[in-house]
Each structure stands twice: as structure tokens, then as C-alpha cells.
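Report on one structure; see the data block that follows.
Atoms considered below: every heavy atom in the structure, side chains included; atoms not considered: hydrogens, waters and symmetry mates. Along the sequence shown, residues carry numbers from 1.
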Amino acid sequence: MEKSISNAFTYMFKDSDWKYKLFVMLMFMSPPYILQGILPQLSTMIKTPANSSIGFIIALAVVLIVVTIIFFLTLSGYSIKCANNIIYSNEDSSYDSLLPKWEDDFGQFLKLGLKYVAAILLLMFAFLGVGLLGGIIAGIFKMLPIISVLMAIAAVIAGLGLTYLALALHSIFYSNYGITSYFQFDKAIKLISYNPKRYLQIFAIYFGTAIISSLINQSIMKSYLIVIMPIIQVYMMLVWTYLIAIIFPAEPEVFFATD
């Protein structure tokens with residue numbers, strides 16, 4: 001199986017059971033868009049308390065919020081497992097082995113989703129801590145404007161650097177499911193340095209398609225065409241999963257063991 005950038009847009013359809021696997025993903029992706037349609041109606045009903053349907057709509061909205069969270073975590077875990085399969089695949093691997101089977105270990109996907117959220121939250125808390133410390137230092141040296149300027153510049157540079165490292169850090173998490181994967185900047189830099197041009201291509205395609213997907217969502221949000229967004233989102237999720245996974249040129253243990 002060839003790991004090419006172009007393959008990211010077609011590999012999912014080469015699975016012999018792709019219709020079933022993608023249909024389940026589609027069902028898991030749909031609740032947020034159903035909720036999106038209910039919330040405006042709920043807002044209108046709240047303004048007219050006499051409406052007898054308000055209790056039902058509120059209960060339905062609460063159920064959909066809970067279901068949406070669980071489904072989000074499960075879908076995230078599914079895509080993480082898919083990325084892991086791609087990372088550890090080789091030339092002899094079958095396309096049927098890339099998209100995980102839903103019935104194999106459904107609970108594992110939810111656990112992976114929770115690990116992913118925990119890893120992201122840990123990174124966020126770390127940066128909030130650094131930001132708080134920076135604010136304290138800036139307060140101490142408020143009489144020296146140059147310090148505040150330098151710290152602001154450092155924050156911008158750090159933000160841009162983290163953004164560029166983001167896909168490599170994602171790839172590392174996908175390879176080992178480690179909660180602290182997003183702090184392994186040295187490994188991320190090594191991944192990028194192996195083939196900077198290829199990484200830049202993946203980075204540009206990833207964020208370019210993400211922007212396009214967001215614009216489409218915004219343009220059809222209030223129209224009946226919103227029903228197609230789950231389809232677009234499922235497809236793009238699998239494309240992004242593949243792009244991030246192929247950042248690894250070899251199995252992680254082999255790649256990081258070499259100088």
C-alpha cells in the first residue's frame with residue numbers, strides 16, 4: 001500500500017466494507033447538526049413560556065448534547081485508531097486494515113477519545129500556566145515596557161511555532177496514545193526535519209481544506225443543505241487522519257531509533 005498524499009482522498013473507498021464503516025461514522029456525526037437545528041426553535045419557545053412543547057424540546061436538546069459529546073469522543077477515538085493503523089501499515093498491508101471495524105472494540109474508541117481530550121487539556125493548562133506566569137512577570141516589570149514587548153513577541157513566536165508543530169505532535173499522539181505526546185517537541189521537530197517539503201505540503205493541504213470546510217459550513221448553516229455537512233465532515237475527518245498519519249516515514253520505533 002502506497003502512502004502518498006493523493007491517496008488521502010481515496011483510501012477510505014478502497015475498503016471492501018467502506019459503506020458500512022462510513023455509514024456508522026455518519027450516524028455519529030449527525031447529532032450536532034440536529035442540535036443546531038433545534039436550538040433556534042428552543043430559543044423561540046423560551047420567549048413564549050405558554051408553549052406546551054417547551055419541556056419536550058428542552059429534554060430533547062439535553063439528550064442530544066449528551067449524545068453529541070459521547071459520539072464526538074467515540075468518533076475521535078475511531079479516527080485515532082485509524083491513524084494508528086495507517087502509521088503501522090506497510091507495502092503489504094491491505095486497505096481493509098486501515099478503517100477499524102466498529103464491532104471489534106467499540107469501547108476502545110471512547111477511551112481513545114477521552115485520552116485525546118485529556119492530552120489536549122493538559123497542553124492547554126500548561127500554556128495557561130505559562131501565560132499566567134508571563135502576566136505576573138510583566139506586572140513586576142511594568143515599569144520596563146521593553147520587557148512586555150519582548151514577552152508579547154515571544155508569545156506570538158511560540159504560538160506560531162506550536163501551530164506549525166501541531167500536525168507532527170498529533171501524529172506522535174496517534175502513534176502511542178500518550179497523554180504527554182503533545183510535549184514531545186524534539187520528536188516533532190525530528191519528524192518535520194526528515195522531509196520539510198512534504199510536511200509543508202501536508203500542513204498546507206490540511207489547513208487549506210479545513211478552512212474550505214468551515215466556509216462551506218458557514219455558508220449553508222441556515223439552509224436545508226446543512227444535511228450534507230455530516231457527509232463532508234466524515235470525509236474530511238478521514239482525509240485529515242491519513243495526512244497526519246503519513247507524516248511518519250516509517251514505524252515510530254524504527255524512525256526514532258535512527259539518527
Flag side-chain contact, heavy atom, 4.5 Å: Ile86 against Phe248: no

By salt bridge (charged side-chain N to carboxylate O under 4.0 Å, His left out), Lys115 pairs with (sequence neighbours left out) none

Do we see a donor-acceptor contact under 3.5 Å between the side chains of Glu2 and Tyr11? no

Are the side chains of Thr241 and Met12 in contact, using a 4.5 Å heavy-atom criterion? no

Set of side chain to side chain donor-acceptor pair (under 3.5 Å) partners for Tyr78, sequence neighbours left out: none

Can you sort out the partners of Tyr194 under side chain to side chain donor-acceptor pair (under 3.5 Å), two or more places apart, ordered by chain and number? none

Search all heavy atoms of Ala188 against all heavy atoms of Ile172 and return the closest pair with its distance. N-CD1, 3.5 Å

Residues two or more places apart in sequence or in another chain: which of them pass side-chain contact (heavy atoms from CB on, under 4.5 Å) with Asp92? Asn90

Out of curiosity, Cys82 SG to Lys21 NZ, how far, rounded to the nearest 0.5 Å? 9.0 Å

Can you tell me how far the CG atom of Asn85 sits from the OG atom of Ser94, to the nearest 0.5 Å? 11.0 Å

Write down the atom of Lys3, the atom of Arg198, and the distance for their closest heavy-atom approach. O-NH2, 3.1 Å

For Tyr164, what residues pass the side-chain contact (heavy atoms from CB on, under 4.5 Å) criterion, not counting sequence neighbours? Ile192, Tyr199, Leu200, Phe203

To the nearest 0.5 Å, how far apart are CG in Leu75 and CZ in Phe28? 6.5 Å

Applying side chain to side chain donor-acceptor pair (under 3.5 Å), name anything that partners Ser214, two or more places apart in sequence or on another chain. none

If hydrophobic clusters are built from ILVMFWY residues whose side chains come within less than 4.5 Å, do Ile211 and Ile202 share one? no

Looking at residues at least two apart in the chain, or sitting in another chain, which of them share a side chain to side chain donor-acceptor pair (under 3.5 Å) with Thr209? Trp240

For Ile87 and Ser171, work out which heavy atoms get closest and say how close. CD1-O, 3.7 Å

Is Tyr88 atom OH crowded by more than 12 heavy atoms from other residues, nucleotides or ligands, each under 6.0 Å away? yes

Tell me the closest heavy-atom pair linking Gly113 and Ser76, and the distance in Å. CA-CB, 4.3 Å

Please report the closest heavy-atom contact between Asp96 and Asp15, naming both atoms and the distance. OD1-CA, 3.3 Å

Under the side-chain contact (heavy atoms from CB on, under 4.5 Å) rule, collect the residues that match up with Ile232, sequence neighbours excluded. Ser213, Ile216, Ile228, Met229, Met236

Residues in side-chain contact (heavy atoms from CB on, under 4.5 Å) with Tyr20, at least two apart? Asp17, Val24, Trp102, Glu103

Does the structure place the NZ or CZ of Lys187 under 6.0 Å from the centre of the six-membered ring of Phe256, at an angle of no more than 45° from the ring's axis? yes

Between Tyr235 (side chain) and Phe9 (backbone), is there a donor-acceptor pair under 3.5 Å? yes

When rounded to the nearest 0.5 angstrom, what is the spacing between CZ in Phe173 and OG1 in Thr180? 10.0 Å

What pair of heavy atoms forms the shortest contact from Pro100 to Lys81, and how long is it? CG-CG, 3.6 Å

Atom pair CD1 (Ile179) and CD1 (Ile120), whose distance is rounded to the nearest 0.5 Å: 10.0 Å

So, taking the atom named CZ in Phe255 and the one named OG in Ser175, what distance separates them when rounded to the nearest 0.5 Å? 11.0 Å

Mind checking whether Leu99 and Leu238 have side chains closer than 4.5 Å, heavy atoms only? yes

